[in-house]
2 protein chains.
Amino acid sequence: MAHQTINDNTLVESLFELFRSRGYEGATLALLSEVTGLKKSSLYHRFPAGKYDMAKAVVLHISAQLHNLVIEPLINSKEAPKKRFNNMVATIKAFYCDGNKNCILNVLSLGEAKAEINALLNKDYNDWLAALIKLGKEVGMNQQEARKRSERFLVAVQGALVIQRLTNNAKTFKNSMEDEQKLFFSQKTG
Amino acid sequence: MAHQTINDNTLVESLFELFRSRGYEGATLALLSEVTGLKKSSLYHRFPAGKYDMAKAVVLHISAQLHNLVIEPLINSKEAPKKRFNNMVATIKAFYCDGNKNCILNVLSLGEAKAEINALLNKDYNDWLAALIKLGKEVGMNQQEARKRSERFLVAVQGALVIQRLTNNAKTFKNSMEDEQKLFFSQKTG
DNA sequence: GTCTATATAATGATAGAC
DNA sequence: GTCTATCATTATATAGAC
């Protein structure tokens, strides 16, 4: 066997960047081959079930990152809740390249017949949501209010990414996150 | 010449529904043919430049609807501002089928090399934004605050649609819109 | 494990009959 | 204006050499 020219992690990261910029159908094998530097047949060697396998591997990889870099620190770090929330915002800002890159939750949930992948994406969302709700309750919100604010935050993340892609206005994501940071912890008003 | 079996309006509406559910790449000619009931060659007769032409026609069609059903009533109706805002929310709720259908601004702005279409989508967003800002100022906001709240609302629309698609939770869009309605007109807090 | 070469199916697009 | 038939290209996928 010839030696592996690209390790699993780098490989999946390359696939990920293409999938999130072009979506599932837009990420053709020719492009996947190009961005990874591996010929198509080599991709099939690493992912026997083909493109669907690659997308699934990407989702699992991102899922792990979400848990390690976002959810875990959000729940378990010793920092104050507000600080943990701010850390999360900083993390996702980097992850989305200041709002210039798409979220895989959006682009891979488009279209049809990707049941397994959709289930994974749904779970990621719910886990992230649960972590935010936990933090909300920690700062005194009741379940209902914590859920409402957490959902609002995640809606804002996805929406800001869409609008920034649409307008090419680099401030959209940044401004939204600053806004939502304040709103999440704000006092209720009538 | 044989008679036209589907009028322009119905035709574009059918194309639109497919494009918004599958995205540009996901809307293949085979599917476009299927949903319109026209053979591929007939589609080419109606849209000589092919698929790109169809997408452009769809965007122009939706653009007109946005102006007629959303923007115009938002700016010019004799109703009170709050009532006009509520009417807009009702209109888009119907348009997105209670949040169960995608926004073309999201799904068609994915991917590459659709300059003309992206420009049209960008313009639609900006026109809608301008109308909301105008309304905000009408109820006493300064330019900065009106823009901020208007952007927040449109971010919420796009975000809620993404999250509802992701979770299949039919309440997401509805709840978001109720939330944002209140937030748009709320008193500023610290 | 990666490659070249190839198979097979689908895609976007045309030609020409009616 | 729509259709059947066909084209060229690209897509996903496989076989087999090294």
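All values derive from a computational prediction rather than experimental measurement. Letters A, B, ... mirror the listed sequences (proteins, then strands); counts begin at 1.
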Got a sec, which residues hit salt bridge (charged side-chain N to carboxylate O under 4.0 Å, His left out) with [X], two or more places apart in sequence or on another chain?
{"X": "R22(B)", "result": "none"}
{"X": "K51(B)", "result": "none"}
{"X": "D124(B)", "result": "none"}

Separation of [X] atom [atom1] from [N] atom [atom2], in whole Å?
{"X": "L29(A)", "N": "dA11(D)", "atom1": "CG", "atom2": "P", "result": "9 Å"}
{"X": "Y52(B)", "N": "dA13(C)", "atom1": "OH", "atom2": "C1'", "result": "17 Å"}
{"X": "K51(B)", "N": "dT14(C)", "atom1": "NZ", "atom2": "C1'", "result": "18 Å"}
{"X": "L43(A)", "N": "dA11(D)", "atom1": "CG", "atom2": "P", "result": "14 Å"}
{"X": "E25(A)", "N": "dT10(D)", "atom1": "CD", "atom2": "P", "result": "19 Å"}
{"X": "R22(A)", "N": "dA11(D)", "atom1": "CZ", "atom2": "C1'", "result": "14 Å"}

Restricting to side-chain contact (heavy atoms from CB on, under 4.5 Å), what partner residues turn up for K93(A), sequence neighbours left out?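 Here the qualifying residues are D98(A), F173(A), K174(A).
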Check nucleotides 2-7 of chain C for protein N or O atoms closer than 3.5 Å to its own N or O atoms and list the pairs.
| unit_1 | atom_1 | unit_2 | atom_2 | d |
| --- | --- | --- | --- | --- |
| dT2(C) | OP1 | T5(A) | N | 2.8 |
| dT2(C) | OP1 | T5(A) | OG1 | 3.0 |
| dT2(C) | OP1 | R46(A) | NH1 | 3.1 |
| dT2(C) | OP2 | R46(A) | NH1 | 2.9 |
| dC3(C) | OP2 | K39(A) | N | 2.9 |
| dC3(C) | OP2 | S42(A) | OG | 3.1 |
| dC3(C) | N4 | S41(A) | OG | 2.9 |
| dT4(C) | O4 | S41(A) | OG | 2.6 |

Face-on cation placement of K114(B) at Y52(B) ring, 6.0 Å and 45° thresholds: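 Relative to the ring axis of Y52(B), which defines the angle, K114(B) lies outside at least one limit.
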Distance-only criterion, 3.5 Å: show the donor-acceptor pairs between side-chain atoms of residues 67-77 of chain B and protein atoms not counting sequence neighbours.
| unit_1 | atom_1 | unit_2 | atom_2 | d |
| --- | --- | --- | --- | --- |
| H67(B) | ND1 | S63(B) | O | 2.9 |
| H67(B) | NE2 | D127(B) | OD2 | 2.9 |
| N68(B) | ND2 | A64(B) | O | 3.2 |
| E72(B) | OE1 | N76(B) | ND2 | 3.4 |
| E72(B) | OE2 | N76(B) | ND2 | 2.6 |
| S77(B) | OG | E79(B) | N | 3.0 |

Under 4.0 Å from OP1 or OP2 of dA13(C): is there any side-chain N or O of Y44(B) that close?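 Yes, within the criterion.
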Cut-off 3.5 Å, no hydrogens considered: what does the side-chain donor-acceptor table look like for residues 128-139 of chain B, sequence neighbours left out?
| unit_1 | atom_1 | unit_2 | atom_2 | d |
| --- | --- | --- | --- | --- |
| K137(B) | NZ | Q143(B) | OE1 | 2.6 |
| E138(B) | OE1 | R84(B) | NH1 | 3.3 |
| E138(B) | OE2 | R84(B) | NH2 | 2.5 |

Under 3.5 Å donor-acceptor pairs involving side-chain atoms of residues 12-19 of chain A, not counting sequence neighbours:
| unit_1 | atom_1 | unit_2 | atom_2 | d |
| --- | --- | --- | --- | --- |
| E13(A) | OE2 | H61(A) | NE2 | 2.8 |
| S14(A) | OG | T10(A) | O | 2.9 |
| E17(A) | OE1 | R20(A) | NE | 3.2 |
| E17(A) | OE1 | K101(A) | NZ | 3.2 |
| E17(A) | OE2 | R20(A) | NH2 | 3.1 |

Residue-level proximity of residues 8-20 of chain A to DNA chain D when a heavy atom falls under 4.0 Å: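 Heavy-atom cutoff 4.0 Å gives no residues at all.
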